[in-house]
Amino acid sequence: MFHREMPSSGETNAGILALTAVSIAITVPFIFYFKSIADSLHTIAEDKSGYRKAKKYGE
């Protein structure tokens with residue numbers, strides 16, 4: 001009844017690559033934002049506990 005045109009594999013791959021690039025570009029700033037929040041919370045915890053050698057994430 002209706003003929004559905006299928007995109008070529010080149011167009012599909014380009015779409016997936018574009019989506020991947022956009023996803024990474026959106027995610028990277030959030031990683032730095034959450035790291036900043038973690039550093040702030042770590043500083044607050046040190047101030048409240050009075051213990052300067054509190055173990056930091058990744059150490």
Fill in: Connected via hydrophobic side-chain network under 4.5 Å: Ile16 and Val22
no
Worksheet item: Counting only N and O atoms by type, is there a donor-acceptor contact under 3.5 Å from the side chain of Ser36 to the main-chain atoms of Phe32?
Response: no
Worksheet item: Pick from Thr43, Asp39, Ile37: which one makes a side chain to side chain contact (heavy atoms under 4.5 Å, CB included) with Leu41?
Response: Ile37
